[in-house]
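One structure below.
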Amino acid sequence: FDDQSLTQNFGFWDPATGSPLKTVWVGILYPADSELGHLQGIELSVDGILDSGFGGPSITVLDQPVTTPPHSDIRTPDDETNGTGGISVGWTHCIVGSRALIKIDMLSLSPVPNDIVLTVRRKFPPSNPLATSPLLSQCNTPIFTSTTVTGGCYVINPTVEPGEVVGGCTLAEPTSVKSRPWSTIKRLYR
């Protein structure tokens, strides 16, 4: 997503006129009718991240994770049969509701092409050899049921309008974040 509120799956990046740094967010969006609504761990990779020539992207896992491999590379490997790539993250507490989970900072000093598609995929190799998509560990101690989830996508510098498709990724219509009055926010902390 282009923002931590997970409202838009596309964005623009022109290092020549703006920042050489681009931030994208990986998050979880639960459908309204989902039986799930919490997690305690995830494993995934991101395909399509540009190689800056300065090493991999910088990742920050949100909400104080307890397990993230040091020096891990979130990118999907080129060799999907024998290669390794992606990350596994665990938390000591339940991560509840739809929210951003990982911040990815990419760096480029060169022009960035149009229609670059980033896709959230499974980790390589996955902890479950049968997994073909990202895995979520449910917050049901001590079982931590492993559940496959659908990976999303993000488009850098799209040449189409929202609602249209680039490389299999449909650009979502931007959604607005509903503002809440201060009295509602104060009730949350009572």
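Heavy atoms of other residues, nucleotides or ligands lying less than 6.0 angstrom from CG of D78 number 12 at most.
A salt bridge links K22 with D2: at least one charged nitrogen is closer than 4.0 Å to a carboxylate oxygen.
Across all their heavy atoms, N157 and W13 have their closest contact at OD1-N, 2.7 Å. The minimum heavy-atom distance linking P15 with S110 is given by the pair CG-O, 3.3 Å. The two residues V155 and C169 have their closest heavy-atom pair at CG2-SG, 3.8 Å.
To the nearest 0.5 angstrom, S58 atom OG is 7.5 Å from K103 atom NZ. Atom CG of L101 sits about 6.5 Å away from atom CD1 of I28, to the nearest 0.5 Å.
For D115 and T159, the side-chain atoms include at least one donor-acceptor pair closer than 3.5 Å. For the 3.5 Å distance criterion, the side chains of S127 and E43 qualify, holding a donor opposite an acceptor.
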Practice item. Check step by step if side chain to side chain donor-acceptor pair (under 3.5 Å) holds for T145 and N140. Key: CA-CA 7 Å; T145 305; N140 57 345; 2.7 Å; yes
**Study point:** Intermediate values then yes/no, side chain to side chain donor-acceptor pair (under 3.5 Å), S137 and Q40
**Key:** CA-CA 6 Å; S137 296; Q40 199 154 2; over 6 Å; no
Exercise for review: Kindly indicate, with the supporting measurements, whether the criterion side-chain contact (heavy atoms from CB on, under 4.5 Å) is fulfilled by I104 and Y154.
Suggested key: CA-CA 12 Å; I104 303 173; Y154 177 86; over 6 Å; no
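With a 4.5 Å cut-off on side-chain heavy atoms, F1 and T7 do not count as touching.
Criterion: ILVMFWY side-chain heavy atoms under 4.5 Å apart, direct or through other members. Under it, I42 and F144 are not part of a common hydrophobic cluster.
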